[in-house]
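Labels below follow one simple rule: chain letters A, B, ... track the order of the sequence lines, proteins then strands, and each chain is numbered from 1.
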There are 2 protein chains.
Amino acid sequence: MEWKLTDDRPIWMQLSEQMARRIVAGQYPPGSKLPPVRELAADAGVNPNTMQRALAQLESDGLAVSNRTAGRAVTEDAAAIESVRRTMARRITKEFLSAIADLGYTREDALALLKEEEDTHG
Amino acid sequence: MEWKLTDDRPIWMQLSEQMARRIVAGQYPPGSKLPPVRELAADAGVNPNTMQRALAQLESDGLAVSNRTAGRAVTEDAAAIESVRRTMARRITKEFLSAIADLGYTREDALALLKEEEDTHG
DNA sequence: GTTATTGTATTAGGCACTTAGTACAATAAT
DNA sequence: ATTATTGTACTAAGTGCCTAATACAATAAC
């Protein structure tokens, strides 16, 4: 998954969320070392300060730990990662159902929309 | 639907989206008159300038028209409204599927999440 | 032991968003 | 005809985000 950044939300928040997705999706396994701040920043095309803030948030969420000069690593607590993954999935699902309902669609409509989208894009 | 505002995105953008949802959901029927800017602003608890910007966006989207001193009204083009509704629904659905996939879930998982959420919250 | 790397902190500046306050022209309401 | 309403425009100030540039301490790498 490449970096997807929009200008309608703070970049550091988007970076933090996308790093979180990479971690819970297994791209960065539990205990594995994360790339240096400067490298991640260059890869995402943002200022190191911005990536620094994103990673700080990642630590607040319990997904990463900082070892100062030894770099940053994903937490070794696999259960915590899985917990975050489920929480994120539930939140996304809830928001989807809420958004669809706000448009005046029923749950049958929601399922139909899902099927249509899956049929369209493989 | 009450106003749901967060501080991680421009308020005028959220206001515009929520007004759009109300229109496509039928809360403000085609051709009906919209409340004055100042009233909407007071109801949402924001500055009139901010609501003004949101409504200007709504006009750019073709969902509302301004009649100067006669106030603002929803477009009478019901087909245009329905088109926006479908477009919004498709975008929301696509983003849901993409977000779920980013977390490493399959489509069967997605359906299971939906069922679980529906069972939980009515 | 020396050097390079890493996380972190600091300062400064530009920019967009939001609020507050004010004002104006056109027209609906009386 | 007078008044109130409505959309719109403008300026000023405060705030947060982002970038840029720099610096430092600790430690890994050599």
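Electrostatic pairing of Glu17(A) and Lys4(A) does not count as a salt bridge here, judged by no charged N lying under 4.0 Å from a carboxylate O. Salt-bridge formation is not detected for the pair Glu118(B)/Lys115(B): no Lys NZ or Arg NE/NH1/NH2 atom is positioned less than 4.0 Å from an Asp or Glu carboxylate oxygen.
Nucleotide dC10(D) holds its P atom 16 Å from the CG atom of Asn47(B), rounded to whole Å. When the C1' atom of dC17(C) is taken as reference, atom CG of Asn49(B) falls 12 Å away, rounded to whole Å. Taking atom CZ of residue Arg9(A) and atom C1' of nucleotide dC17(C), one finds them 16 Å apart after rounding to whole Å. dG7(C) atom C1' lies 13 Å from atom CG of Leu40(A), rounded to whole Å. If you take CG of Leu34(A) and P of dT5(C), they are 19 Å apart, rounded to a whole angstrom. Distance, Arg68(B) CZ to dA28(C) C1': 14 Å, rounded to whole Å. What separates CG of Asn67(B) from P of dA29(C) is a distance of 13 Å, to the nearest Å. Atom CE of Met51(B) is separated from atom C1' of dT8(D) by 16 Å (rounded to the nearest Å).
In this structure, Glu39(A) and Met13(B) both approach DNA chain C, and ranking their closest nucleotides by distance from the 5' end singles out Glu39(A).
Going from atom OG of Ser66(A) over to atom CG of Leu58(A) covers 11.5 Å, rounded to the nearest 0.5 Å.
Taking 3.5 Å as the limit, the base of dG7(C) and the side chain of Arg72(A) contain no donor-acceptor pair of atoms between them.
Within the nucleic acid shown, Arg38(A) comes within 4.0 Å of at least one base atom, counting heavy atoms only.
Other residues, nucleotides and ligands place more than 12 heavy atoms under 6.0 Å from the CG atom of Asp8(B).
Across dT6(C), dT27(C), dC17(D), the shortest atom-to-atom separation from the side chain of Thr69(A) is found for dT6(C).
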